[in-house]
Amino acid sequence: MPDSLFAPLTLRDTELRNRVMLSPMCQYSAADGFANDWHRIHLGSRAVGGAGVVMTEATAVEACGRITPGCLGIWSDERAEAIEPIVEFVTSQGATPGIQLAHAGRKASHHPPAEGGDPISADDPDGWETVSATDEPYPDGDGAGGGGPAATRRMDAGDVDEVIESFADAAVRSLDAGFEIAEVHAAHGYLLHQFLSPVTNDRDDEYGGSFGNRTRLVREVVAAVRDVWPEDKPVFVRISATDWLPDRDSWDVDDSVRLAPLLAEAGADLIDVSGGGIHPDQQLPGTGPGYQVPYAEAIREGTDVPVAAVGGITEPTHADALVRNGRADLVALGRELLRHPYWPLEAAHELGADVEWPVQYQRGRFD
Ligand SMILES: Cc1cc2nc3c(=O)[nH]c(=O)nc-3n(C[C@H](O)[C@H](O)[C@H](O)COP(=O)(O)O)c2cc1C
């Protein structure tokens with residue numbers, strides 16, 4: 001009997017009720033990193049809607065690692081306490097709560113997209129100094145606010161050690177708050193990706209240059225998180241499988257296939273396979289149904305490390321086929337779950353899978 005979208009998945013000793021994951025999605029709705037009612041409803045309704053994994057948005061491990069002033073943070077116990085009741089509710093609905101631990105590096109200190117998305121300079125009272133693998137700023141800032149890119153500071157050895165510690169401390173707080181999955185965000189051009197990609201990593205120390213050096217930080221972060229994360233609970237890593245910059249020295253799928261087993265060795269249990277974000281010149285191959293699935297498949301085939309596929313997946317039969325055909329172990333849905341919070345319950349009906357509905361909603365069942 002092949003696995004299917006609604007077959008449980010056990011990673012370490014943690015059983016996910018099905019293979020549907022709410023993909024991490026920034027809500028730009030936190031105040032000073034604190035979760036509030038918006039996060040409760042956003043995450044809570046996807047748990048009610050039947051998702052197997054409910055993953056938070058990128059949640060900053062340091063205040064300076066927030067993409068925008070409205071991003072979630074877990075750099076203090078108070079912030080972990082604010083999200084704890086939400087995690088408890090998600091768990092009470094049978095979903096497995098995950099937290100995406102993140103640091104935006106040079107892509108931090110920006111206005112949210114709804115306000116133009118431009119960089120906020122460190123001199124602005126709403127902004128802060130950003131750090132990166134490089135001192136080259138992210139080349140943006142010509143949007144509604146004009147102004148051009150904001151400066152960034154190249155991290156020294158002390159900063160690197162601090163960031164590793166911040167990820168580990170954030171993982172400890174996440175565990176205290178009740179999360180069962182820790183996902184390290186190493187994708188989309190954020191800090192760890194800035195170290196991985198030769199597009200942004202121009203260092204000449206032990207964190208730059210060779211493949212081994214550029215991958216060192218993410219491997220050390222994953223190992224540090226694994227060190228504090230319980231043996232029975234999984235660690236995920238989200239990567240950009242490719243920079244989509246084929247015409248220059250950049251990160252590509254072969255690099256990702258090479259990296260995945262090293263991440264597994266460092267303690268990762270699943271690679272969540274996304275793409276892009278390192279540079280605005282990226283050439284997306286389109287965003288049609290399953291546009292990033294081939295990367296997940298390449299990693300799974302080349303390495304035996306479990307993967308999540310994400311990107312343009314909206315149809316239950318498509319999601320189910322990805323699992324049944326062994327192309328992905330988990331299927332992450334982003335925008336489709338914004339449109340349809342109860343997508344998993346409806347998908348189960350369409351696929352003829354028997355899933356439990358919240359007792360309060362029993363009379364809404366299709367049968
Ligand atoms: C509003 C929004 C916010 C997002 N924020 C994050 C994020 O915090 N972390 C992340 O890894 N990806 C983020 N993404 C990317 C999604 O997780 C997902 O990978 C992407 O939208 C493609 O999947 P989809 O076609 O199912 O939406 C975001 C996407 C959207 C639409």
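Both ligands and their constituent atoms are indexed starting at 1 by order of listing.
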Nearest protein heavy atom with distance in Å, relative to atom 2 (C) of ligand 1: Met25 CG, 3.7 Å
Residue Tyr291 vicinity, atoms of ligand 1 by number, heavy atom under 4.0 Å: 22 (C)
Sub-4.0 Å atoms of ligand 1 with respect to non-hydrogen atoms of Gly311: 22 (C), 23 (O), 25 (O)
Nitrogen or oxygen of Gly312 less than 3.5 angstrom from that of ligand 1: yes
Protein contact to atom 31 (C) of ligand 1 [nearest heavy atom, distance to 0.1 Å]: Arg335 CG, 3.7 Å
Over 12 foreign heavy atoms within 6.0 Å of CG, Asp204: no
Sub-4.5 Å side-chain heavy-atom contact between Ser23 and Leu337: no
Heavy atom of Gln100, distance to ligand 1 below 4.0 Å: yes
Ligand 1 contact on His185 by region, counting heavy-atom pairs under 4.0 Å: side chain
Identity and distance of the protein heavy atom lying nearest atom 19 (O) of ligand 1: Arg238 NH1, 3.1 Å
SB check Asp269 Arg226 (cutoff 4.0 Å): yes
Taking atom 7 (C) of ligand 1 as the reference point, the nearest protein heavy atom with its distance: Pro24 O, 3.3 Å
Contact bool for atom 29 (C) of ligand 1 (protein heavy atom, d < 4.0 Å): yes
Note, Met55 side chain near Asp272 side chain (heavy atom, < 4.5 Å): no
Any N/O pair Gly334/ligand 1 closer than 3.5 Å: yes
Residues Thr134 and Thr200: side-chain donor-acceptor under 3.5 angstrom: no
Glu356 atom CD: more than 12 heavy-atom contacts under 6.0 Å: no
Salt bridge Arg248-Asp281, side-chain N to carboxylate O under 4.0 Å: yes
Carboxylate-amine/guanidinium proximity below 4.0 Å for Glu336 and Arg339: yes
Exam field: side chain Asp252 to backbone Pro246, donor-acceptor pair closer than 3.5 Å: no
Enumerated ligand 1 atoms positioned under 4.0 Å from heavy atoms of His188: 10 (C), 11 (O), 12 (N)
Check: Glu57 N/O within less than 3.5 Å of ligand 1 N/O: no
Contact (N/O only, under 3.5 Å) between Ala58 and ligand 1: yes
Nearest non-hydrogen protein atom, atom 18 (C) of ligand 1: Ser23 OG, 3.7 Å
Any side-chain donor near an acceptor of the partner, Ser166 and Trp75, under 3.5 Å: no
Identity and distance of the protein heavy atom lying nearest atom 1 (C) of ligand 1: Cys26 O, 4.0 Å
